[in-house]
2 protein chains.
Amino acid sequence: MPAQRADARRNYARILAVAEEEVATHGADASLEQIARTAGVGSATVRRHFPTRHALLEAVFRERIQALATRAHELSEADDIRAALLDWLGALTVYSATVQGLATALLRAGELDPDHANPCVTPLAEAGEPLLRRAEQAGAVPPGVTPVDLVTLIAGIALAAQHHPDPATEATRLLHLTVTGISPPG
Amino acid sequence: MPAQRADARRNYARILAVAEEEVATHGADASLEQIARTAGVGSATVRRHFPTRHALLEAVFRERIQALATRAHELSEADDIRAALLDWLGALTVYSATVQGLATALLRAGELDPDHANPCVTPLAEAGEPLLRRAEQAGAVPPGVTPVDLVTLIAGIALAAQHHPDPATEATRLLHLTVTGISPPG
DNA sequence: TGCTAAGTGGCGGGGCCCTCCGTATCGTAC
DNA sequence: GTACGATACGGAGGGCCCCGCCACTTAGCA
């Protein structure tokens with residue numbers, strides 16, 4: 001017996017497809033009602049499949065987050081570990097700044113369920129961990145930095161660049177600034 | 001003749017006072033209707049005095065922004081210009097992370113009136129300019145950094161730290177990271 | 001004290017989010 | 001092929017919010 005009925009699965013897919021477009025257009029604040037309307041289902045059905053807005057966003061971004069995680073794993077074995085880390089951070093930045101709503105999803109942690117970790121950040125942080133650790137061991141990164149720090153920081157940068165006419169390049173500029181440091185000591 | 005009638009001025013003050021509390025509690029998304037209700041005026045009156053939400057936020061934060069600007073002017077004549085800059089950035093960070101809605105107000109530029117500069121950022125950027133310029137001349141800051149960059153970056157950091165249990169210290173930590181650099185060259 | 005324009009606020013329209021509950025549909029067992 | 005039970009659906013209704021309109025009140029000048 002299927003865990004889900006066939007029509008439920010179909011609706012899930014329809015809703016997700018519509019949500020992707022809608023989020024791409026209107027960002028993380030896209031109207032759930034509008035998504036339901038376009039998908040031709042009742043708004044209750046949307047809420048049934050995605051109990052919270054964040055759950056929907058997570059599903060929408062899952063593939064892209066997975067892609068970034070894969071990238072991190074590949075890069076973690078590169079020769080030049082610093083270049084690899086910067087490469088990954090750059091990709092993360094461009095994604096966050098380009099894909100509407102991603103940065104918001106990364107930051108808006110489980111605001112009301114604080115015990116439950118943000119399911120968008122976690123895979124990224126875990127994937128980036130080896131990369132960061134190797135960089136740290138190579139002395140390319142100051143000690144005490146966590147993967148979550150990096151993801152959080154970059155999401156913040158992306159959000160800050162959101163309003164800019166060209167978010168991706170603006171975010172990349174700001175990233176470059178924080179990589180080299182605003183005012184490195186000594 | 002007064003540019004405004006006395007009662008209008010009174011209402012303005014009442015609304016602003018209520019808005020300060022309401023924004024302090026609920027952040028930048030505070031309900032304008034709720035503010036109107038608490039202030040004992042119609043919602044139309046709120047909109048008349050503050051045509052946009054951003055206008056209201058600007059008024060709410062004006063004094064604090066002014067204080068930060070003053071601080072920047074004082075610090076711009078300090079002996080240790082790097083310490084002075086970092087001092088200011090730290091203060092800016094703590095404010096942005098602590099005062100509910102400030103970071104949002106700093107980032108949400110004139111989203112619909114792109115020609116008009118963000119009236120929250122501008123005074124800060126102008127005030128920070130001499131400070132930053134001196135720091136740059138002293139070699140404490142890489143060239144090409146603008147005051148707006150700094151304010152934007154810090155607002156982003158504050159927003160990123162928003163969800164954290166202790167936003168101020170988390171934001172300060174992240175600031176420290178971007179000041180020293182994630183992975184400074186050389 | 002009257003007049004005029006500045007100022008007010010209630011009302012209605014449009015949305016959105018969320019929940020409840022009667023109903024339709026799927027998948028199975030017969 | 002049919003009948004049944006669990007699963008899933010979606011419309012209706014309540015609550016809240018933003019926004020614009022327009023008849024009414026009131027402050028301040030003559």
| request: If a protein heavy atom is under 4.0 Å from the base, mark B; if only from the sugar-phosphate, S; if neither, -; do that for nucleotides 8-14 of chain C going 5' to 3'. | output: BBB----
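- In this structure, A:R14 places its CZ atom 13 Å from C1' of D:dC9, rounding to the nearest Å.
- Not a single donor-acceptor pair under 3.5 Å links the side chain of A:H49 to the backbone N or O of A:N11.
- Within a 6.0 Å sphere centred on CZ of B:R64, heavy atoms belonging to other residues, nucleotides or ligands number 12 at most.
- No more than 12 heavy-atom neighbours from other residues, nucleotides or ligands sit within 6.0 angstrom of CZ on A:R133.
- Considering only the side chain of B:R47, D:dC19 comes nearest among C:dC16, D:dC19, C:dG27.
- Straight-line distance from the CZ atom of A:F50 to the P atom of D:dC9: 11 Å, rounded to whole Å.
- Counting any heavy atom pair closer than 4.0 Å across all strands shown, B:R10 reaches no nucleic acid atom.
- One can place CZ of A:R37 at 12 Å from P of D:dG11, the figure rounded to the nearest angstrom.
- Panel note: side chain A:D87, backbone A:R71; no donor-acceptor pair is recorded below 3.5 Å.
- Checked by atom type, the side-chain pair B:Q34/B:R37 shows a donor-acceptor distance below 3.5 Å.
- Here D:dT26 presents its P atom at 19 Å from CD of B:Q4, a figure rounded to the nearest Å.
- Atom NE2 in B:H54 sits roughly 16 Å away from atom P in D:dC18 (whole-Å rounding).
- In this structure, a donor-acceptor pair under 3.5 Å is absent between the side chains of A:T122 and A:E126.
- For the pair B:I15 CD1 and C:dG7 P, the interatomic distance rounds to 13 Å; values are reported in whole Å.
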